[in-house]
Amino acid sequence: MAAAGLGVAFLSAAGAAAIALNVGSGTAAAAQAQSPQAPDYAVIIRGGTVFDGTRTGRRLADVAIKGDRIVEVGTISVSATAAQVIDARGRYVTPGFIDPHSHAAPAIGTAKLAAAVPILYQGITTVMINPDGGGLADLRPQISDIQRHTPGVNVIPMIGHNGVRREVMGLVNRRPTIAEHARMEGLVKAAMDQGAFGFSSGPFFVPGKYSRTDEIVRLAKVAARYPDAFHISHIRDESSYDVGVLRAIGELIQVSREAKLPGIITHVKMLGPSVWGQSAEAITMINSARAEGLQIYADQYPYAASASELQTALLPGWAQEGGQEAITRRLQNPEQRALIRKEMAQNMARRAGPNAMLMRNYDADPSLEGMRLDEIAKRRLQDPLDTAMDMLIKGGANIVSFNMNEKDVEALMKQPWMMTCTDGSLGEFGDGGEHPRAYGAFPRKIRRYVLERKAISMAQAIHSSTGLTAEVFGIKDRGFIRPGAYADVIVFNPATIRDVATYEKPHAYSVGMDYVFVNGRAAVDHGKVVPQRFGRVLLRGR
Ligand SMILES: [Zn+2]
């Protein structure tokens, strides 16, 4: 968005907040007249180092909260009273983190997992769901499930291309007819009207894989009619599978140019040895698109390993068509198996070999979870390719894929257009395989990349996790510490904040968060998640 546009948006939002505050203080004054003990504020956070979510902001200040808003930032009189006063000396006070790529849904719409505990312990107060083109075409059941259970954090829905394409065309590998195209456009429009913030795509995955750029452009144009809408994409190729990572970034830029809306490369990475080092070209491409006036951004989880599935990591696209039954049939047909095997050998090399694949979930034999593909093959006296094909016949597995180079991770992280994400799912604590990012991405960025490696400054890490994200995705009145903003505020200890989850033991909460306020209420209090939930579903235009 243009700077002028943002200014206007903020002014009008601040104006609305001021009106709301006047009403609020009037009520408080009336209450005070009846009861002389009524406190001035709900919460005062005193003496903390405030990072306000802007690129450079850092100062000592008090922060006061009343209702669901921040009402004062600065020096608050020592005689002021509050229901809760927090001594934040030695602590950092920042906006709650915003995760633009979360797989918390559908779990966050269930009674069991609505609390979003691993998310809160990272200091995240807002998550954006349906990334990678995912989710269903009709958002209404998802939204109502999440609202009904009151989520622990704020939730922002997006509308996914793959969900829309699956609804209209199933999993077929062809271009849409004119009528199918019109139906897909109608579904995107309906979802935006229902409150989606923007359009997500995932042309790496079936069925988005079978789309061409013009299909994505046309659907992105529907989203672009709405203010502050965007296109966020798990790009077609993060490696050298078909078009290659650089051309895939080029495709995302082209969508922004033609559909005239911001484009975000989600969990940007240089996947596999064949593209290591290409972050330099990627950065140049993104910077020149930005110089052209396009709004191109990226987000990233701070790990050198991704999470994937055996199927998408290894099987060629044509062999994935039609779903599991079709895959099994092809792998059991000797001729097709030989063809698939040949292409899988190349894909295995792209993923840095069988030692670089660790099983997270394998329903057919959970005893293999936590083992690497080469280990399993050795135990079975098999070639790893045959082991992988046998596992694919039995439904496939979720994997951790060690495929990135730390130099690319850091080079990308340093860019002013880089945001933080988790790409994490929300599961039951201790249950099943997981990538540690689901528990640790945001604290890890601070611990490892700010405090230990000094790759970026603390202010940049906070900005890339808060204010920048709020601006890019048009999330009004969040992502910043300032009067009138929603009180999504966290207080953490810079000496102790860290991720605890590892690849081998991923189920471990992050530590260091003393307080996490969601809409003005302490969801983490004295370092512990409370039983009540304070999140909201945030919908466009509401
Ligand atoms: Zn993805």
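Whatever order the structure lists ligands and atoms in, that order sets their numbers, starting from 1.
- Between the Zn ion (ligand 1) and H101 there is no N/O/S contact shorter than 2.8 Å.
- D228 places no side-chain N or O within donor-acceptor distance of the main-chain N or O of G474, the cut-off being under 3.5 Å.
- Taking the six-membered ring where tryptophan is involved, the planes of Y303 and Y503 are perpendicular, since the angle between them exceeds 60° and thus also 30°.
- Of the angles at the Zn ion (ligand 1), the one spanning NE2 of H267 and OD1 of D132 is 110° when given to 10°.
- Closest approach between the Zn ion (ligand 1) and any N/O/S atom of H234 involves ND1.
- Remark: K269 NZ to D423 CG distance equals 6.5 Å, nearest 0.5 Å.
- Side-chain atoms of D408 come within 3.5 Å of backbone N or O of G277 as a donor-acceptor pair.
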